[in-house]
Amino acid sequence: MSAIANLTIIQGTTFSSDVTVTDSAGDVFSLVGHTSYAQLSKGFGDNHTRVSFSTSNNDSTGVITLTLTSQQTSALEEGRYVYDVVIVNQSSTVTRVIEGIATVFPRVSENY
């Protein structure tokens with residue numbers, strides 16, 4: 001059920017992106033009874049640069065909103081990261097539903 005979605009993040013800005021979870025037939029997956037988690041890292045085995053997104057679910061539309069604060073994006077180094085989104089059901093089954101590359105770009109504007 002894992003889909004690929006790449007993200008673009010600008011340092012120092014508030015980041016938000018909606019990702020839609022679908023089943024193998026392409027239909028919206030109900031998130032009722034599921035909790036979502038998402039993390040970003042420089043590499044799959046790298047625990048030093050791991051950053052957690054805030055997540056919120058819209059159960060009926062299958063949309064998970066991923067959010068990073070401007071403070072979190074300011075702390076990210078420019079470059080490529082990997083990320084994934086997992087959901088956990090009431091039976092504690094963990095399923096990776098979205099994965100991809102997140103590219104962090106530097107900002108130009110300062111002092112705001």
Side-chain angles (χ1 to χ4, degrees):
M1 183 164 56
S2 183
I4 296 174
N6 296 326
L7 305 175
T8 299
I9 301 170
I10 309 300
Q11 287 175 329
T13 63
T14 302
F15 172 82
S16 181
S17 182
D18 292 339
V19 294
T20 303
V21 181
T22 57
D23 62 19
S24 58
D27 297 322
V28 170
F29 182 82
S30 172
L31 294 170
V32 172
H34 290 79
T35 303
S36 60
Y37 301 93
Q39 290 190 322
L40 172 78
S41 181
K42 270 295 205 183
F44 290 103
D46 184 1
N47 291 324
H48 300 291
T49 59
R50 200 165 300 272
V51 176
S52 293
F53 290 90
S54 293
T55 62
S56 61
N57 296 354
N58 184 325
D59 294 340
S60 61
T61 64
V63 172
I64 300 173
T65 301
L66 307 177
T67 307
L68 293 172
T69 66
S70 60
Q71 292 81 13
Q72 286 175 299
T73 65
S74 290
L76 295 173
E77 294 179 13
E78 176 184 0
R80 285 178 57 156
Y81 291 74
V82 293
Y83 84 98
D84 62 12
V85 180
V86 299
I87 57 173
V88 182
N89 69 14
Q90 294 169 334
S91 300
S92 299
T93 300
V94 179
T95 305
R96 180 163 58 175
V97 291
I98 308 281
E99 62 184 296
I101 301 295
T103 304
V104 176
F105 290 98
R107 67 176 178 198
V108 175
S109 300
E110 296 281 340
N111 302 320
Y112 49 87

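Note: hydrogens, waters and symmetry copies are ignored here, and every other heavy atom, side chains too, is used. Note that the structure is a prediction, hence the values are computed from the model and not measured.
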[X] side chain to [Y] main-chain N or O, any donor-acceptor pair under 3.5 Å?
X     : Y     : answer
Ser74 : Ser70 : yes
Thr55 : Ala38 : no
Thr20 : Val63 : no
Thr73 : Thr13 : yes
Ser91 : Thr93 : no
Asp23 : Val28 : no

Side chains of [X] and [Y], heavy atoms from C-beta outward: is any pair under 4.5 Å?
X     : Y      : result
Ile9  : Leu68  : yes
Gln11 : Pro106 : yes
Val21 : Ile64  : yes
Ser60 : Asn58  : yes

Atom pair [atom1] ([X]) and [atom2] ([Y]), whose distance is rounded to the nearest 0.5 Å:
X     : Y     : atom1 : atom2 : result
Leu76 : Lys42 : CG    : NZ    : 9.0 Å
Leu7  : Leu40 : CG    : CG    : 8.5 Å
Asn89 : Thr95 : CG    : OG1   : 6.5 Å

Not counting sequence neighbours, which residues clear side-chain contact (heavy atoms from CB on, under 4.5 Å) with Glu99? List them please.
-> Ser2, Ile4, Asp84, Arg96
Just say parallel, tilted or perpendicular for the rings of Phe15 and Phe53, cut-offs at 30° and 60°.
->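 Plane angle between 30° and 60°, so tilted.
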Looking at every non-hydrogen atom in both residues, tell me the closest pair between [X] and [Y] and how far apart they are.
X      : Y     : answer
Ser16  : Thr67 : OG-OG1, 4.0 Å
Arg107 : Gly12 : NH1-CA, 3.2 Å
Asn57  : His34 : ND2-O, 3.2 Å

Among Ile87, Val97, Asp59, find the one that has a side chain to side chain contact (heavy atoms under 4.5 Å, CB included) with Phe29.
->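 With Phe29 as partner, side chain to side chain contact (heavy atoms under 4.5 Å, CB included) holds for just one option, Ile87.
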Residue pairs, two or more places apart or on separate chains, that pass salt bridge (charged side-chain N to carboxylate O under 4.0 Å, His left out) and touch residues 25-35 = none
Start with the C-alpha gap between Ser17 and Thr65, add the side-chain angles, then the distance that decides, and say whether side chain to side chain contact (heavy atoms under 4.5 Å, CB included) holds.
-> CA-CA 6 Å; Ser17 182; Thr65 301; over 6 Å; no
Can you tell me if Ser52 and Gln39 form a side-chain donor-acceptor pair at under 3.5 Å?
->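 Per modelled atom types, Ser52 and Gln39 side chains form a pair under 3.5 Å.
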May I have the step-by-step check of side chain to side chain contact (heavy atoms under 4.5 Å, CB included) for Val85 and Tyr37, ending in yes or no?
-> CA-CA 6 Å; Val85 180; Tyr37 301 93; over 6 Å; no
Does the side chain to side chain contact (heavy atoms under 4.5 Å, CB included) test come out yes or no for Tyr81 and Ile101, once each step is laid out?
-> CA-CA 6 Å; Tyr81 291 74; Ile101 301 295; over 6 Å; no
Are Val51 and Val86 linked, directly or through other ILVMFWY residues, by side chains that come within less than 4.5 angstrom of each other?
->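 Cluster IDs for Val51 and Val86 differ.
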